[in-house]
Amino acid sequence: MINIQNLSVEKDNATILKDVSLRFGQGGITALIGPNGAGKSTLLHSIAGLIEPTHGTVAVEDINITTARPAERAERIALLAQNEHVTARLSVRDLVNFGRWPHHRGRPTALDHQKVDEALAAFDLMDLCERRLESLSGGQRQRSFVAMAWAQETPWMLLDEPLSALDPRHVRDIMDRLYNLTRPGKGQRSVVLVVHDLGVAARYADRIVALKDGQLVTSGPRILQMTGPMLSKLFGTSLSIDYINGKAVVVPS
């Protein structure tokens with residue numbers, strides 16, 4: 001359970017988030033949507049405990065995430081920030097192994113190696129695991145970073161614009177994998193992601209959290225909350241929801 005109560009964040013005398021309250025349970029994909037400057041990334045980083053609120057609280061599972069020890073946060077949340085990059089000449093396996101750091105603290109066990117292999121397999125990276133990151137395509141590299149977050153084996157994965165600069169094929173590949181891995185069953189995870197592609201939100205999200213000007217506009221099941229009138233008001237342009245082959249798509253109207 002994520003429980004946010006009266007969250008406000010101010011920076012440099014500007015209000016980034018204002019009195020945001022929402023709560024949702026584990027499982028599935030939650031999409032944070034809204035225009036540029038809405039406060040989506042700030043909300044995500046506040047959930048991760050990396051931004052201290054000016055007012056309000058953020059609780060993940062049974063702890064106040066803001067005051068929790070780093071080790072407690074690492075047991076509950078894996079965060080993939082925007083534009084993650086590394087300068088060292090790492091292989092894909094080396095990168096994914098970083099996701100196990102909260103567990104092994106530099107001394108990986110057989111279990112850690114097993115979990116790395118599971119993450120590599122989950123994101124179809126086994127054939128690439130010894131390749132250097134700089135030799136990969138953008139989609140392969142981004143898949144590697146998502147696999148690193150997955151390997152941390154936390155109930156919650158927070159992904160800040162994981163699809164930016166990816167072509168449609170790689171967007172679909174990553175989202176199909178995340179969708180399947182967040183379905184009910186053994187090892188189910190919960191994903192919260194910032195996304196600008198409304199088509200992705202319409203197709204894959206189980207829940208929608210919509211922000212504008214630092215305030216919560218609406219939240220709840222995607223099928224109820226993501227409507228043409230809501231999106232038109234949120235983005236200040238006329239949008240509608242259509243269906244192609246049974247799949248929801250967002251189109252200008």
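Reckoned from all heavy atoms, side chains included, excluding hydrogens, waters and symmetry mates.
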What do you reckon, is CD of Glu134 surrounded by more than 12 foreign heavy atoms closer than 6.0 Å?
-> yes
Compute both the distance and the angle, then confirm whether Arg189 meets the cation-pi test with Trp156: under 6.0 Å from the six-membered ring centre, within 45 degrees of the axis.
-> no
Examine distances only and state if a side-chain atom of Ser8 and a backbone atom of Asp19 form a donor-acceptor pair shorter than 3.5 Å.
-> yes
With side chains defined as the heavy atoms from C-beta onward, is the minimum distance between Val200 and Val171 less than 4.5 Å?
-> yes
Please report the closest heavy-atom contact between Phe235 and Gly34, naming both atoms and the distance.
-> CE2-C, 3.5 Å
Electrostatic pair Arg169-Asp173, nearest N-O below 4.0 angstrom = no
Does the pair Thr218 and Gln225 meet the rule for a side-chain hydrogen bond (donor to acceptor under 3.5 Å, both in side chains), with working shown?
-> CA-CA 7 Å; Thr218 189; Gln225 302 298 337; 2.5 Å; yes
Do the side chain of Arg73 and the main chain of Arg69 share a donor and acceptor less than 3.5 angstrom apart?
-> no
Considering only heavy atoms from C-beta outward, does the side chain of Val116 approach that of Met148 to under 4.5 Å?
-> no
Between CD1 on residue Ile29 and CZ on residue Arg203, distance to nearest 0.5 Å = 11.0 Å
Regarding Asp167 and His170, is there a side-chain donor-to-acceptor distance under 3.5 Å anywhere?
-> yes
Please step through salt bridge (charged side-chain N to carboxylate O under 4.0 Å, His left out) for the pair Arg100 and Glu153, ending with a clear verdict.
-> CA-CA 8 Å; Arg100 297 299 300 171; Glu153 206 178 9; 3.0 Å; yes
So, Asp197 side chain and Gly199 main chain: donor-acceptor pair closer than 3.5 Å or not?
-> yes
Determine, stepwise, if the pair Ile4 / Thr57 fulfils side-chain contact (heavy atoms from CB on, under 4.5 Å).
-> CA-CA 6 Å; Ile4 300 169; Thr57 59; over 6 Å; no
Locate the shortest heavy-atom distance separating Ala78 from Ala149; write the atom from each residue and the value.
-> CB-O, 3.4 Å
Quick check: does any side chain N or O of Glu61 sit under 3.5 Å from a backbone N or O of Ile2, one acting as donor and the other as acceptor?
-> no
Is a side-chain donor or acceptor of Asp213 paired with a backbone partner of Gln215 at a separation under 3.5 angstrom?
-> no
Kindly say whether Gly220 contributes a backbone atom to a donor-acceptor pair with the side chain of Arg207 at under 3.5 angstrom?
-> no
Are Leu133 and Arg89 close enough that some pair of their side-chain heavy atoms sits under 4.5 Å apart?
-> no
Transitively linked via ILVMFWY side-chain contacts under 4.5 Å: Tyr204 with Ile223?
-> yes
Please lay out, stage by stage, how Asp124 and Arg177 fare under the test salt bridge (charged side-chain N to carboxylate O under 4.0 Å, His left out).
-> CA-CA 9 Å; Asp124 195 24; Arg177 293 176 191 279; 3.7 Å; yes
Considering non-hydrogen atoms only, spot the tightest contact between Leu211 and Leu234 and give its length.
-> O-CD1, 3.4 Å
Is the shortest distance from a Lys or Arg side-chain nitrogen in Arg76 or Asp62 to a carboxylate oxygen in the other one below 4.0 Å?
-> yes
Going only through I, L, V, M, F, W and Y residues with side-chain contacts under 4.5 Å, is there a path from Phe98 to Trp101?
-> no
pair Leu128-Gln140: side-chain heavy atoms closer than 4.5 Å = yes
Would you call Ser240 and Val250 a side-chain contact if the rule is heavy atoms closer than 4.5 Å?
-> no
Should the heavy atoms of other residues, nucleotides or ligands under 6.0 Å from NZ of Lys212 be counted, would the total exceed 12?
-> yes
Are side-chain heavy atoms of Pro102 and Glu75 found at a separation under 4.5 Å?
-> no
Ile63 reachable from Met1 in the ILVMFWY side-chain graph, under 4.5 Å edges | no
Could you grab the distance from atom NZ of Lys18 to atom CG of Asn6, nearest 0.5 Å is fine?
-> 12.5 Å
Do the side chain of His55 and the main chain of Val9 share a donor and acceptor less than 3.5 angstrom apart?
-> no
Given the rule in the side-chain contact (heavy atoms from CB on, under 4.5 Å) test, do Met157 and Ile77 qualify, once you have shown the distances and angles that lead to the verdict?
-> CA-CA 6 Å; Met157 289 176 62; Ile77 290 171; over 6 Å; no
Is there side-chain contact between Arg131 and Leu136, with at least one heavy-atom pair below 4.5 Å?
-> yes
Ser238 and Ser232: side chain donor to acceptor below 3.5 Å = no
For Gln26 and Gln188, what are the C-alpha separation, side-chain angles and deciding distance, and is it a side-chain hydrogen bond (donor to acceptor under 3.5 Å, both in side chains)?
-> CA-CA 9 Å; Gln26 285 189 9; Gln188 180 191 27; over 6 Å; no
Is it possible for you to say whether Leu224 and Ile208 belong to one hydrophobic cluster, with membership spreading through side-chain heavy-atom contacts below 4.5 Å?
-> yes
Take Asp206 and Arg222, measure what side-chain contact (heavy atoms from CB on, under 4.5 Å) needs, and give me the verdict at the end.
-> CA-CA 5 Å; Asp206 299 287; Arg222 182 259 308 160; over 6 Å; no
Tyr179 ring centre to Arg183 NZ or CZ under 6.0 Å, with the angle to the axis within 45°?
-> yes
In Å and rounded to the nearest 0.5 Å, what is the CG to OG distance from Leu231 to Ser253?
-> 10.0 Å
Please answer whether the main-chain N or O of Gly27 pairs with a side-chain N or O of Thr182 as donor and acceptor at a distance below 3.5 Å.
-> no
Between Asp112 and Thr109, is there a donor-acceptor pair closer than 3.5 Å when you use the side chain of the first and the backbone of the second?
-> yes
Is there a donor-acceptor contact under 3.5 Å from the side chain of Ser144 to the main chain of Val92?
-> no
Any side-chain heavy-atom pair of Leu158 and Ile47 under 4.5 Å | yes
Taking atom CZ of Arg132 as the centre, does the number of heavy atoms from other residues, nucleotides or ligands within less than 6.0 Å exceed 12?
-> yes
Joint hydrophobic cluster, Leu198 plus Ile244, side-chain heavy atoms closer than 4.5 Å = no
Supply the atom-to-atom distance Glu52 CD to Thr67 OG1, rounded to the nearest 0.5 angstrom.
-> 9.5 Å
For the side chain to side chain contact (heavy atoms under 4.5 Å, CB included) test, which of Val20, Leu22, Val217, Ile33 pairs with Val209?
-> Leu22
Could you tell me the separation between the OG atom of Ser41 and the CG atom of Leu32, rounded to the nearest 0.5 Å?
-> 8.5 Å
How close do Val96 and Ala119 get, heavy atom to heavy atom, and via which atoms?
-> CG1-CB, 3.9 Å
Start with the C-alpha distance between Leu79 and His45, add both sets of side-chain angles, then the distance that settles side-chain contact (heavy atoms from CB on, under 4.5 Å), and finish with yes or no.
-> CA-CA 8 Å; Leu79 171 68; His45 284 247; 4.0 Å; yes
Rounded distance [0.5 Å steps], CZ in Arg23 versus OG in Ser219 | 11.5 Å
